[in-house]
Amino acid sequence: MVSQEQLLSTAKPDVVSGEDFILSALSTDLQSWALFLDIDGTLLDLAETPDAITVPPSLPADLDALSKKLDGALALVTGRSLDYADQLFSLSHFPIAGLHGAERRDPDGQLHKATATAEFERLKADLVADTASWAGVFIEDKGAAVAAHYRLAPDRKDDVELVMERALIRAGPNWTVQQGKMVIEIRPASADKGKAISAFLAKPPFAGRRPIAIGDDVTDEAMFRAANRLGGYSIRIGPHLPASEALGSTRSAEALRGIIAALAS
Ligand SMILES: O=P(O)(O)OC[C@H]1O[C@H](O[C@H]2O[C@H](CO)[C@@H](O)[C@H](O)[C@H]2O)[C@H](O)[C@@H](O)[C@@H]1O
Ligand SMILES: [Mg+2]
């Protein structure tokens with residue numbers, strides 16, 4: 001008789017295939033792969049507000065140990081600002097792409113920063129003022145990008161979309177809209193997470209390795225596509241979505257952290 005576990009794995013083969021893939025690839029052949037990790041929803045569990053996230057105490061050291069095993073070919077690729085992400089993982093200054101790829105610190109320390117124009121600064125201030133009376137809506141100022149969060153006010157989604165559409169017109173062609181989980185952002189149009197991982201892969205210690213990109217959201221689709229195109233692998237956190245271009249899935253951020261801890265030890 002077929003066990004319930006076997007049935008489940010037959011019905012949803014994609015749910016754990018990403019976990020099997022990363023474990024077997026990185027356990028056997030660390031020199032061939034480079035790892036690109038999203039932060040929110042991937043390394044960290046989602047929280048009700050941007051600042052309410054917690055970094056599990058063992059995670060920075062596990063990432064550091066895994067990075068060393070990969071000869072430094074591990075980068076964080078996030079929608080957060082580079083400075084904010086650095087504070088989260090202050091143990092190591094990993095190569096990192098922030099603002100969905102618009103800012104980057106290369107493995108050799110070279111910095112590529114995005115700057116806000118004076119008009120963009122005024123636009124952010126006006127967004128704060130325009131949404132001040134909307135309980136549960138938060139404007140996150142990320143320098144050259146801005147996010148409007150409505151996780152605590154889902155009924156405000158349409159209002160948030162409208163105010164951000166207007167803000168985008170005002171920001172002009174150098175900025176674009178980024179959809180996310182209970183958030184709408186305006187970010188520099190010059191880059192995305194796919195371009196960021198391609199830029200990392202042009203330099204040692206990433207050059208010559210195959211990318212594994214792991215993320216959970218719409219913004220990560222650009223790096224999934226890039227990883228697939230470059231002969232690598234892509235993993236989405238959460239149940240398999242037909243609309244996603246990720247080749248595999250993992251059950252949760254917690255499951256991924258367990259894999260990272262196992263590979264780091
Ligand atoms: O690319 P990521 O590293 O995943 O960053 C994407 C955005 O993450 C943050 O917002 C999301 O996480 C919050 C904390 O869990 C949550 O409250 C919010 O609803 C999510 O959208 C972050 O605040 C954004 O700046 C990032 O772009
Ligand atoms: Mg994410």
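Atoms within a ligand are numbered from 1 in the order they appear, just like the ligands themselves. Just so it is clear, the values below take in all heavy atoms, side chains as well, and ignore hydrogens, waters and symmetry mates. What you see is a predicted model, and the numbers here were worked out from it, not measured in a lab.
- Ligand 1 places these atoms under 4.0 Å from at least one heavy atom of Ile53: 14 (C), 15 (O).
- The pair Asp38-Arg236 does not meet the salt-bridge criterion, since no charged nitrogen lies less than 4.0 angstrom from a carboxylate oxygen.
- Ion pair Glu140/Arg80 flagged as a salt bridge, since at least one NZ, NE, NH1 or NH2 atom sits closer than 4.0 Å to an Asp/Glu carboxylate oxygen.
- A distance below 6.0 Å separates the ring centres of Phe21 and Trp33.
- Considering backbone and side-chain atoms alike, Asp220 places every N or O at 3.5 Å or more from each N or O of ligand 1.
- Between Val77 and ligand 1, no pair of N/O atoms sits closer than 3.5 Å.
- Contact between Thr49 and ligand 1 is present, with at least one heavy atom of the residue lying under 4.0 Å from the ligand.
- With hydrogens and angles left out, the side-chain atoms of Asp64 and Ser67 include no donor and acceptor closer than 3.5 Å.
- Grouping the Ile, Leu, Val, Met, Phe, Trp and Tyr side chains by contacts below 4.5 angstrom, directly or via other members, places Leu82 apart from Met223.
- Here the protein heavy atom with the shortest distance to atom 17 (O) of ligand 1 is Ala47 O, 2.7 Å.
- Screening residues 220-231 for salt bridge (Lys or Arg N to Asp or Glu O under 4.0 Å), with sequence neighbours left out, gives Lys193-Asp220, Arg225-Glu245.
- Neighbours of the Mg ion (ligand 2) restricted to protein N, O or S atoms under 2.8 Å: the count is 3.
- In Val183, the part holding a heavy atom less than 4.0 Å from any atom of ligand 1 is the side chain.
- Scanning for side-chain contact (heavy atoms from CB on, under 4.5 Å) contacts around Ala102 gives Leu99, Ala114, Pro188, with sequence neighbours left out.
- Of the protein's non-hydrogen atoms, the one nearest atom 2 (P) of ligand 1 is Asp38 OD1, 2.8 Å.
- When hydrogens are left out, the protein atom nearest atom 24 (C) of ligand 1 is Glu140 OE1, 3.4 Å; that is the closest non-hydrogen contact.
- Judged by distance alone, with hydrogens and angles left aside, the side-chain atoms of Lys181 form a donor-acceptor pair with the main-chain N or O of Asp216 at under 3.5 Å.
- Within the hydrophobic cluster formed by Ile, Leu, Val, Met, Phe, Trp and Tyr side chains joined at under 4.5 Å, directly or through other members, Val218 stands alone, with no partner residue.
- At least one donor-acceptor pair under 3.5 Å links the side chain of Asp192 to the backbone N or O of Gly194.
- One finds no salt bridge joining Arg105 and Asp83 here, because no Lys/Arg side-chain nitrogen approaches an Asp/Glu carboxylate oxygen to under 4.0 Å.
- Closest to atom 27 (O) of ligand 1, if we only count protein heavy atoms, is Glu185 OE2, 2.6 Å.
- Atom CZ of Arg166 is surrounded by 12 or fewer heavy atoms from other residues, nucleotides or ligands within 6.0 Å.
- Scanning all protein heavy atoms for the shortest distance to atom 21 (O) of ligand 1 gives Lys181 O, 2.6 Å.
- Note: Phe206 and Phe36 meet the aromatic proximity criterion, with ring centroids under 6.0 Å apart.
- Annotation: atom 3 (O) of ligand 1 to nearest protein heavy atom, Thr78 OG1, 2.6 Å.
- Regarding atom 10 (O) of ligand 1, its nearest protein heavy-atom neighbour is His149 CE1, 3.5 Å.
- Below 3.5 Å of separation, one finds an N or O of Ile39 facing an N or O of ligand 1.
- Salt bridge annotation for Glu121-Lys124: present, with a cationic side-chain nitrogen under 4.0 angstrom from a carboxylate oxygen.
- Nearest non-hydrogen protein atom to atom 19 (O) of ligand 1 is Arg151 NE, 2.7 Å.
- The distance from ligand 1 to the heavy atoms of Glu48 drops below 4.0 Å at these ligand atoms: 17 (O).
- Counting heavy atoms under 4.0 Å from ligand 1, residue Leu44 does not touch it at all.
- Considering backbone and side-chain atoms alike, Lys193 places an N or O below 3.5 Å from some N or O of ligand 1.
- At a heavy-atom distance under 4.0 Å, atoms from both the backbone and the side chain of Leu46 approach ligand 1.
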